[in-house]
Every structure is written in structure tokens, then in C-alpha cells.
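What you see is a predicted model, and the numbers here were worked out from it, not measured in a lab. Note: hydrogens, waters and symmetry copies are ignored here, and every other heavy atom, side chains too, is used. Order of appearance sets the numbers: ligands from 1, and atoms from 1 within every ligand.
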Amino acid sequence: MSNISFDLISIFPDYFSPLKLSLIGKAEESGLVSINIHDLRDQASGVHKSVDDTPYGGGAGMVMSPEPWGKAIDQVLATSNAESHDLIILTPAGQKLTQQLASELALSEHLIFACGRYEGIDYRVTQYYENQQNVRVREVSIGDYVLGGGEVATLVIMEAVIRLIPGVLGNPESLVEESHSMPEEIVEYPNFTKPASWRGLDVPEILLSGNHALIKAWRFEQAKARTAKLDRQTGE
Ligand code: 6GU
């Protein structure tokens with residue numbers, strides 16, 4: 001049985017309380033994953049416990065100082081018994097999260113999430129860990145918009161990754177269906193459940209027919225129509 005461990009480092013550890021819920025909460029309770037949360041401020045020195053400073057070269061905002069990050073990440077690495085580590089640095093300048101990236105991360109032994117705030121983390125943190133053996137550094141973004149920090153992005157990535165771990169989903173067949181639809185960049189067909197009639201809208205007859213070949217073909221046509229509608233809306 002695989003057990004992936006997750007270490008999350010942030011100045012707002014309370015952001016991660018939803019991890020107790022639902023799929024991820026159950027995955028942790030059943031021992032499929034272990035999750036540890038670390039407060040970056042525990043590694044800050046001085047009376048003010050400051051974790052940021054003004055950017056060299058000028059410009060707006062603040063940059064997170066390298067030393068608290070170095071201490072926090074070193075401590076996580078030193079207390080891990082994994083042989084290799086993926087250090088994920090959350091930044092809008094990173095590689096975009098895709099289903100492909102999520103499935104790569106689901107094969108990792110140990111994932112460390114460094115949640116930057118403000119204008120991000122001093123780049124030497126990336127450079128330093130890129131030079132460490134057994135650490136693979138990835139700067140990751142969850143899309144083309146700016147968030148206040150990496151915490152919510154971490155929740156998104158963890159949900160995408162953890163549901164791919166064997167044993168986490170009650171019905172692993174849903175993963176098989178997704179893997180058929182997603183890489184071809186076609187969205188899922190629309191779904192319906194009971195009642196058969198709701199507010200004057202009837203479930204398409206064909207779905208009540210029991211003819212699985214016809215249903216499959218109909219769903220494929222619906223998925224294509226839905227994808228075309230999306231493309232029109234986004235002007236593709
Ligand atoms: Cl990972 N961080 C921030 N601050 N903004 C983002 C993001 C990450 N991904 C998309 N926008």
C-alpha cells in the first residue's frame with residue numbers, strides 16, 4: 001500500500017483545516033496519506049518574527065526571506081524517511097497544473113508544499129533546493145489569475161492528487177472514464193438523475209432506453225456539442 005506524505009508550510013496554517021473533510025480526511029484516517037502542517041513563522045527570528053522584506057532592485061510589495069524557508073524545508077527533509085522528495089513552490093509564474101501533472105505527483109513518495117504570499121519567495125530557495133540530491137523542485141501555478149498566496153492552490157493540487165491514489169476513491173471506474181475524455185480536450189457529457197421529469201424538463205429518452213451502445217454514442221455527441229459551446233464562449 002502506498003503512503004504518500006504531505007508537508008505543508010505556510011504562515012496561515014489554518015487555511016488547511018478543510019483537509020479534515022470528505023475524501024482527503026478519509027484518506028488520511030485510513031492511512032493512505034499523512035499530512036503535516038508547519039507554521040513558517042516558527043522559523044522566523046527576531047522579536048517581530050518577520051518573514052518578508054523589500055525587494056532588491058525596487059518595486060512594489062514584499063518578498064519572503066529565504067532563511068525561514070530554508071530552515072522550515074531543511075527540518076521537513078531531515079525528519080522524513082522518504083528516499084526522494086518533490087518540493088512544490090506555489091507561484092503564479094509556475095508550471096500550470098494539469099491532470100498530467102497531478103498524475104505525476106500522485107506517484108511521489110513525499111510532497112512538500114511551500115506556500116508563498118506577497119510577491120513570492122526569494123528565488124534562491126528554488127535555486128538552492130534544485131541543487132540538492134533527492135529533491136525535485138517544481139514551481140506550480142493553478143491558472144492564469146493572481147491569488148493572495150499559495151494556500152488555496154495547495155488545496156486544489158492536493159485534491160487533484162489524492163483522489164488519484166489507489167484506494168482513495170470508492171469507485172475507481174470514474175478515473176477510467178476521465179482518462180478517456182480528458183487528454184483529448186473534450187469536456188464530460190451532461191448527467192441526469194431522478195426524477196425523470198423536473199420543472200417541465202424531461203431526461204433525454206435515450207438514457208431510459210437501456211441500449212448501452214446508443215447511450216455511449218449519444219453521450220459522445222453531447223460531449224462534443226458541450227465542448228463546442230464552451231469554445232464559442234471563450235472565443236477559441
Ligand atoms: Cl500557486 N499562487 C498565487 N499567489 N497565485 C496563483 C497561483 C499560485 N496559481 C494561480 N494564481
TODO: Give the residue, atom name and distance (to 0.1 Å) of the protein heavy atom nearest atom 9 (N) of ligand 1.
DONE: Ile142 N, 2.9 Å
Open item on the list: Using a 6.0 Å cut-off, check whether atom OH of Tyr145 has over 12 heavy atoms from anything other than its own residue.
Closed with: yes
- [ ] Taking only heavy atoms of Val140 into account, list the atoms of ligand 1 that are under 4.0 Å away from them.
- [x] 1 (Cl)
TODO: Quick one: look up the protein heavy atom nearest atom 10 (C) of ligand 1 and list residue, atom name and how far away it is.
DONE: Gly143 O, 3.1 Å
Task: ligand 1 to Thr91 polar contact by distance, N or O atoms, under 3.5 Å - done: no
Task: Protein heavy atom at shortest distance from atom 11 (N) of ligand 1 - done: Tyr145 O, 2.6 Å
Task: Minimum-distance protein heavy atom relative to atom 2 (N) of ligand 1 - done: Pro92 CD, 3.6 Å
Task: N-O pairing of Asp39 and Arg41 below 4.0 Å - done: no
Open item on the list: Out of all atoms in ligand 1, which are within 4.0 Å of some heavy atom of Ser141? Include the element for each.
Closed with: 1 (Cl), 9 (N), 10 (C)
Task: Any donor-acceptor pair under 3.5 Å from Thr91 side chain to Ala93 backbone - done: yes
TODO: Assign the ring pair Trp218 / Phe192 to parallel, tilted or perpendicular, where the plane angle (0 to 90°) is split at 30° and 60°.
DONE: tilted
Task: Heavy-atom gap Asp144 to ligand 1 smaller than 4.0 Å - done: no
Task: Glu104/Arg138 salt bridge by N-O under 4.0 Å criterion - done: yes
Task: Proximal atoms of ligand 1 relative to Leu90 (non-hydrogen, under 4.0 Å) - done: 1 (Cl)
- [ ] Answer yes if the side chains of Asn3 and Ser34 hold a donor-acceptor pair under 3.5 Å, and no otherwise.
- [x] yes
TODO: For salt bridge (Lys or Arg N to Asp or Glu O under 4.0 Å), just list the numbers for Asp144 and Lys96, CA-CA rounded to whole Å, side-chain angles, deciding distance to a tenth of an Å, and then say yes or no.
DONE: CA-CA 8 Å; Asp144 291 333; Lys96 209 86 55 68; 3.3 Å; yes
Open item on the list: Only heavy atoms of Ala153, strictly under 4.0 Å: list the atoms of ligand 1 that pass.
Closed with: 1 (Cl)
Open item on the list: Suppose we measure from atom 5 (N) of ligand 1 to each protein heavy atom; which comes out shortest, and what is that distance?
Closed with: Leu147 N, 3.0 Å
Open item on the list: Which heavy atom of Glu151 sits nearest to which heavy atom of Ile11, and what is that distance?
Closed with: OE2-N, 4.2 Å
